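Worksheet: the structure to be examined is printed underneath.
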Amino acid sequence: MTGLQELLLSRIRDVADHPEPGVVFKDITPLLADPAAFTALTGTLAEIATREGATKIVGLEARGFILGAPVAVRAGLGFIPVRKAGKLPGATLSQAYDLEYGSAEIEVHAEDLSAGDRVLVVDDVLATGGTAEASLQLIRRAGAQVAGLAVLMELGFLGGRARLEPALAGAPLEALLQV
């Protein structure tokens, strides 16, 4: 394990039985409250964006906003929020996707992405991959290229990576921590 991984893991708190019995929630708020850990995290994600030639960062609602915005600033790139349906004013592109029990929809402003953009998607956790997969579809529908997906942690036992491989179409998936 690297020093960065040790630092990040030491600042993530496990909360038993949240939001329901049997679930262990990975709380990143202690990491966000630690300036050294948060700086190390955003710096590493910014390095990934630069290495992959990204021109914009997409952050997925809501914790992807917290991570993606400082990554964009650090890398000198634009930041685009992908929100739940109905939250953005004006013209949007939307993408529906299936959840374990139902469906959901995300949106982006239609004019925020264009054919010349290479987009790195940033989020806190990769779980089942549904929201990330929908965001990749949305980026491509807007005419932009997917530079990759970068997450703080991947919950490998939920199979999100396997689900995303076809949607990534060769673009990298980088998880700083495997849980």
Side-chain angles (χ1 to χ4, degrees), residues 4 8 11 28-29 31-97 104-154 160-161 163-177:
L4 173 67
L8 297 176
R11 301 306 188 274
I28 68 167
T29 58
L31 187 155
L32 300 174
D34 181 319
F38 193 30
T39 298
L41 171 60
T42 56
T44 301
L45 293 172
E47 289 170 11
I48 293 168
T50 300
R51 183 182 69 231
E52 298 304 331
T55 60
K56 292 193 177 154
I57 301 293
V58 154
L60 303 180
E61 190 167 326
R63 290 179 299 261
F65 298 174
I66 297 168
L67 301 183
V71 168
V73 169
R74 187 112 182 234
L77 305 175
F79 175 76
I80 311 297
V82 168
R83 307 241 18 220
K84 294 174 184 170
K87 300 287 186 179
L88 293 171
T92 61
L93 292 174
S94 64
Q95 182 68 46
Y97 61 100
E105 191 172 358
I106 56 173
E107 294 179 331
V108 67
H109 275 131
E111 71 275 4
D112 287 348
L113 296 170
S114 63
D117 288 324
R118 285 187 48 80
V119 181
L120 179 70
V121 177
V122 172
D123 205 3
D124 66 328
V125 174
L126 172 60
T128 62
T131 307
E133 181 181 36
S135 74
L136 300 175
Q137 294 167 344
L138 199 54
I139 289 163
R140 289 193 177 103
R141 283 186 45 228
Q145 295 178 349
V146 173
L149 170 65
V151 297
L152 166 59
M153 69 184 120
E154 176 181 353
R161 183 176 290 267
R163 176 181 182 164
L164 285 176
E165 283 181 0
L168 283 163
L173 165 55
E174 300 224 22
L176 302 183
L177 301 172

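Bear in mind that the values here come from a model prediction, so they are computed numbers and not experimental data. FYI, the numbering just counts along the sequence from 1. We use all heavy atoms of the structure for the numbers below, so side chains are in, but hydrogens, waters and symmetry mates are not.
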Report yes if some heavy atom in the side chain of F65 is under 4.5 Å from a heavy atom in the side chain of L60; otherwise report no. no
In residues 86-96, what donor-acceptor pairs under 3.5 Å come from side-chain atoms, sequence neighbours left out?
from, atom 1, to, atom 2, distance (Å)
S94, OG, E105, OE2, 2.9
Q95, OE1, R141, NH1, 3.1
Q95, NE2, Q137, OE1, 3.0

Here the gap from Y97 atom OH to I106 atom CD1, rounded to the nearest 0.5 Å, amounts to 6.0 Å
Contacts satisfying salt bridge (Lys or Arg N to Asp or Glu O under 4.0 Å) that involve residues 142-152 (not counting sequence neighbours) are none
Rounded to the nearest 0.5 angstrom, the CG-CZ distance for L138 and R140 is 11.5 Å
The salt bridge (Lys or Arg N to Asp or Glu O under 4.0 Å) partners of E52 (sequence neighbours excluded) come to none
Non-hydrogen side-chain atoms of V119 and T55 separated by less than 4.5 Å:
no
Output for pair (E154 CD, L149 CG), nearest 0.5 Å, gives 9.0 Å
What side-chain donor-acceptor pairs closer than 3.5 Å can you find for residues 70-83, not counting sequence neighbours?
from, atom 1, to, atom 2, distance (Å)
R74, NH1, T39, O, 2.9
R83, NE, E61, OE1, 2.8

When rounded to the nearest 0.5 Å, the distance separating CD1 of I66 from OG1 of T42 is 13.0 Å
Handout entry: Stepwise side chain to side chain contact (heavy atoms under 4.5 Å, CB included) test for L113 and I139
Key = CA-CA 7 Å; L113 296 170; I139 289 163; 4.1 Å; yes
Residue set satisfying salt bridge (Lys or Arg N to Asp or Glu O under 4.0 Å) with E107, at least two apart, ordered chain then number -> none
Residues passing the side chain to side chain contact (heavy atoms under 4.5 Å, CB included) test with A40, sequence neighbours excluded, are L4, L7
Sorted by chain and residue number, the side chain to side chain donor-acceptor pair (under 3.5 Å) partners of S135 (sequence neighbours excluded) come out as none
- Check whether any side-chain heavy atom of L176 lies under 4.5 Å from a side-chain heavy atom of L8, and answer yes or no. yes
Sequence neighbours excluded, the answer for side chain to side chain contact (heavy atoms under 4.5 Å, CB included) partners of A171 is V146, L168
Residues at least two apart in sequence or cross-chain that pass side chain to side chain donor-acceptor pair (under 3.5 Å) with T128, listed by chain then number, are none
Side chain to side chain, V151 and V122, heavy atoms closer than 4.5 Å:
no
d(L45 CG, L152 CG) to nearest 0.5 Å is 7.5 Å
For residues 114-128, the salt bridge (Lys or Arg N to Asp or Glu O under 4.0 Å) pairs (sequence neighbours left out) are K56-D117, R63-D124
Item to complete: For residues M153 and L126, determine if any side-chain heavy atom of one lies less than 4.5 Å from a side-chain heavy atom of the other.
Response: no
